[in-house]
Amino acid sequence: MAETIKKLDELVGLCKRRGFIFQSSEIYGGLASCYDYGPLGAELKRNVKNAWWKSVVQMRDDMVGLDCSILMHPMIWKASGHVDKFADLICECKKCNTRSRVDHLEGKEQGETSRHAQTAPTDDLSDKVCPSCGAVGQFTEPMPFKLMFETQMGANADDAMTVFLRPETAQGIFANYRNVLDSSRIRVPFGIAQIGKSFRNEVTTKAFIFRTREFEQMEIEFFCEPGTDEDWWQHWKDARMQWYLNLGIRKENLRFRPHDDDELAHYAKACVDVEYRFPFGSGDWQELEGIANRTDFDLRQHQRGMRSVTKWIENGRDTINTPLVDEHPDYQSGPLSFFDDQNRKRYIPYVIEPSAGADRGTLAFLVDAYAEEEVKGEKRNVLRFHPTLAPIKCAILPLVKKEGMPDIARNIYQDLRRHFNCFYDEKSAIGRRYRRQDEAGTPFCVCVDGQTLEDQTVTVRDRDSMEQIRVSTDQLKNHLREKLDM
RNA sequence: GCGGGUGUAGCUCAGUGGUAGAGCGUCACGUUGCCAACGUGAAUGUCGUGGGUUCGAAUCUCAUCACCCGCUCCA
């Protein structure tokens with residue numbers, strides 16, 4: 001009789017009530033689109049990230065990790081295309097107040113439109129048609145729309161340089177691809193994984209932590225020989241779907257959604273989204289992760305970017321108005337090429353990018369685990385987290401607060417907590433304590449009772465079945481570690 | 001950014017100009033002793049924020065912030 005969350009409001013309330021997720025700066029009235037993880041949420045999210053890392057780095061021979069800085073050389077974002085793409089011009093229809101991108105307005109030829117904020121024409125919208133209400137020429141002056149966060153680097157205001165907070169972790173991987181190759185003895189095909197914060201000035205945030213301006217990504221760039229890219233794309237597609245399933249997300253709430261050709265980013269040869277059926281919007285499927293074939297676009301772009309730096313300095317470090325130099329005719333032998341010494345071949349690798357949202361994933365695990373049940377006429381709320389993800393693995397509870405039971409329980413607690421996250425609770429009735437742990441998603445509860453005093457056994461209570469078995473205290477640690485797979 | 005809605009205790013909400021409330025939760029004590037038990041008691045409020053009207057504002061009004069729904073947008 002499990003019931004799931006039907007509305008976003010329920011979920012927000014649940015997250016706050018149990019200390020998973022809070023509105024950022026709440027005592028100041030909140031800050032739009034920013035959220036904080038509470039005690040249980042911080043554990044949950046960290047477990048999600050650790051599970052991902054274990055799956056894509058620890059358990060694989062062909063993957064290594066990376067953790068690079070959020071601030072990077074501004075020209076990285078020129079080469080990646082973000083400086084231009086993320087500086088679109090927006091105008092507003094005076095008649096219906098709808099905002100449109102200038103380069104999306106009808107009548108404008110695509111190649112003709114400048115994407116550069118400072119060189120874009122601020123006139124000549126007189127013959128353009130509002131895509132929303134059909135009014136002609138009723139637009140405000142075009143205004144630049146900065147999708148990347150900017151900040152100043154350098155304490156001395158005169159010398160300060162404008163840098164960007166990264167809008168994706170991916171480019172840090174491309175920028176370090178050469179370093180990793182040269183230092184780790186790894187060879188193509190191989191991948192680099194990274195978890196970290198990224199920032200985008202999304203036009204629309206909303207939907208709780210689903211789309212926020214500050215968010216955390218779990219990204220892989222997998223480098224492979226051109227021609228093998230489609231096979232690797234398929235490999236990662238399967239591997240990533242299996243990860244969500246292995247961690248307990250119900251199959252019927254997951255699906256692949258291939259991108260249409262006109263939806264593909266300019267660099268991508270193919271892209272598929274892993275989607276989860278979230279309980280908001282119209283009960284709609286929403287993206288958890290995108291798995292793209294980025295071809296050799298990024299490495300080739302960075303080869304151009306590397307050769308454009310001098311020009312950028314000469315140009316007064318003006319990132320927007322410093323175009324990249326043309327691609328070298330012999331780009332296949334460039335500094336970011338890979339030499340396959342077994343087959344005596346040199347090439348720019350193709351890249352498969354499985355890019356997952358850590359916050360979205362955490363939200364999906366939370367939603368999918370939630371259940372309301374009837375037990376003997378009483379309502380029971382339970383979060384059926386996979387043990388790997390559960391914030392607390394085991395609660396240790398003395399049946400009563402006397403006859404030495406708390407002392408024994410505390411000893412067990414001190415022993416078990418060295419191996420996994422535990423919680424000790426001796427307050428109020430035992431049934432209430434079990435239900436509290438159900439709400440936190442704790443898979444096991446250990447109870448020290450009267451019989452423990454006689455034969456050194458405790459009960460182990462299972463969250464999902466609510467059944468109890470007796471386990472000898474000297475077997476307890478092994479019993480739990482086996483059950484928890486830890 | 002547009003339209004609609006909401007904002008009162010940790011949570012869910014009642015309270016339409018006159019003393020700030022309930023249920024749940026939390027805490028203490030007692031009783032009980034394996035699934036939100038019972039009894040007694042207690043704590044908890046910038047009524048989102050700031051201004052205005054009024055003798056008096058949670059309530060009327062203006063502004064603002066945040067969230068939700070629908071548009072728009074989503075490299």
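We name chains A, B, ... by the order of the sequence lines, and we start the count at 1 in each one. In what follows, every heavy atom counts, from backbone to side chain, and hydrogens, waters and symmetry copies are set aside. Source: prediction; values computed, not measured.
Atom name C1', nucleotides B:C38 and B:G18: the rounded distance is 40 Å, in whole Å. When the C1' atom is used for both B:A22 and B:C34, the distance is 32 Å, rounded to whole Å. The C1' atoms of B:C13 and B:A58 are separated by 14 Å, rounded to the nearest whole Å. Between B:A36 and B:G17, the distance separating the two P atoms is 44 Å to the nearest Å. Across the C1' atoms, B:U54 and B:G48 are found 23 Å apart, a figure rounded to whole Å. With P as the reference atom, B:A20 and B:A57 are 11 Å apart, rounded to whole Å. Comparing the same atom, P, in B:C2 and in B:U64 gives a spacing of 10 Å after rounding to whole Å. Nucleotides B:U16 and B:C60 are separated by 10 Å at their C1' atoms, to the nearest Å.
At a cut-off of 3.5 angstrom, the base of B:C35 holds no donor-acceptor pair with the side chain of A:R380. On a pure distance criterion of 3.5 Å, a polar donor-acceptor pair joins the side chain of A:K402 and the base of B:G33.
Along RNA chain B, the nucleotide closest to A:Y35 and the one closest to A:G13 are compared, and the more 5′ of them pairs with A:G13. Nearer the 5' end of RNA chain B, as judged by each residue's closest nucleotide, is the contact made by A:E467, out of A:E467 and A:G29.
We find that CG of A:D36 is positioned 14 Å from C1' of B:A66, with the value rounded to whole Å. Atom C1' of nucleotide B:A9 and atom CZ of A:R17 are separated by 15 Å, given to the nearest angstrom. Rounded to whole Å, the distance from CG on A:L147 to P on B:U72 is 18 Å. Nucleotide B:U49 holds its P atom 12 Å from the CD atom of A:E26, rounded to whole Å. Following rounding to the nearest Å, A:D449 (CG) and B:U32 (P) show an atom-to-atom distance of 17 Å. Rounded to a whole Å, the CD atom of A:E403 is 11 Å from the P atom of B:U32. For the pair A:R18 CZ and B:G10 P, the computed distance is 18 Å after rounding to whole Å. Rounded to whole angstrom, the span from the CD atom of A:E287 across to the P atom of B:C73 amounts to 18 Å.
A donor-acceptor pair shorter than 3.5 Å can be found between the side chains of A:Q301 and A:R304.
With respect to A:K269 and A:E230, a salt bridge is recorded, a charged nitrogen being found less than 4.0 Å from a carboxylate O. Under a 4.0 Å N-O distance rule, the pair A:E216/A:K45 qualifies as a salt bridge.
Judged by Watson-Crick or G-U wobble contacts below 3.5 Å, the nucleotide B:G45 has no partner. Both distances falling under 3.5 Å, in either a Watson-Crick or a G-U wobble arrangement, place B:G23 opposite B:C11. The pairing partner recorded for B:C71 is B:G1, the criterion being a Watson-Crick or G-U wobble arrangement whose two distances lie under 3.5 angstrom. Under the Watson-Crick and G-U wobble criteria, each requiring two contacts below 3.5 Å, nucleotide B:U16 is left unpaired. When both pairing distances are held under 3.5 Å, B:C34 makes no Watson-Crick or G-U pair with any nucleotide shown. A 3.5 Å limit on both hydrogen-bonding distances identifies B:G39 as the Watson-Crick or G-U partner of B:C29. The base-pairing partner of B:U6, taking Watson-Crick or G-U wobble contacts with both distances under 3.5 Å, is B:A66. Figure legend. B:G56 is base-paired to no nucleotide; pairs are counted as Watson-Crick or G-U wobble with both atom distances under 3.5 Å.
Every ring pair (Phe, Tyr, Trp, His ring centres under 6.0 Å) that A:Y424 has, sequence neighbours left out, goes to A:Y413. Partners of A:Y434 according to the side-chain hydrogen bond (donor to acceptor under 3.5 Å, both in side chains) rule, which considers only residues two or more places apart in sequence or in another chain, are A:Q468. Looking at residues two or more places apart in sequence or on another chain, you find no ring pair (Phe, Tyr, Trp, His ring centres under 6.0 Å) involving A:F423. Under the rule for a ring pair (Phe, Tyr, Trp, His ring centres under 6.0 Å), the partners of A:F223 that lie at least two apart in sequence or sit in another chain are A:Y177, A:F190.
In plain terms, the two heavy atoms of A:N253 and A:W285 that are nearest each other are O-CZ3, 3.2 Å.
Aromatic pair A:F278/A:Y276: centroids less than 6.0 angstrom apart.
Applying a 4.0 Å cut-off to non-hydrogen atoms, the residues of residues 432-442 of chain A that approach RNA chain B are A:R432, A:Y434, A:R435, A:R436, A:E439, listed by residue number.
Taking every side-chain heavy atom of A:N381 into account, B:A36 is the closest of B:A36, B:C68, B:A66. Comparing B:C67, B:G10, B:C74 by their closest approach to the side chain of A:Q23 singles out B:C67. Checking B:A36, B:C35, B:C34 against every side-chain atom of A:I430, the shortest atom distance belongs to B:C34. Picking from B:A66, B:C34, B:C29 the nucleotide with the shortest atom distance to the side chain of A:Q468 gives B:C34. For A:L399, whose side chain is taken as the heavy atoms from C-beta onward, the closest listed nucleotide among B:C34, B:A66, B:G10 is B:C34.
Applying the side-chain hydrogen bond (donor to acceptor under 3.5 Å, both in side chains) rule to pairs touching residues 443-453 of chain A yields A:D449-A:T452, A:D449-A:R470, A:Q451-A:D455, A:Q451-A:R470, sequence neighbours excluded.
Using a 4.0 Å heavy-atom distance criterion, A:I27 is classed as a base contact. Note on A:T459: a base of the nucleic acid sits closer than 4.0 angstrom, heavy atoms only.
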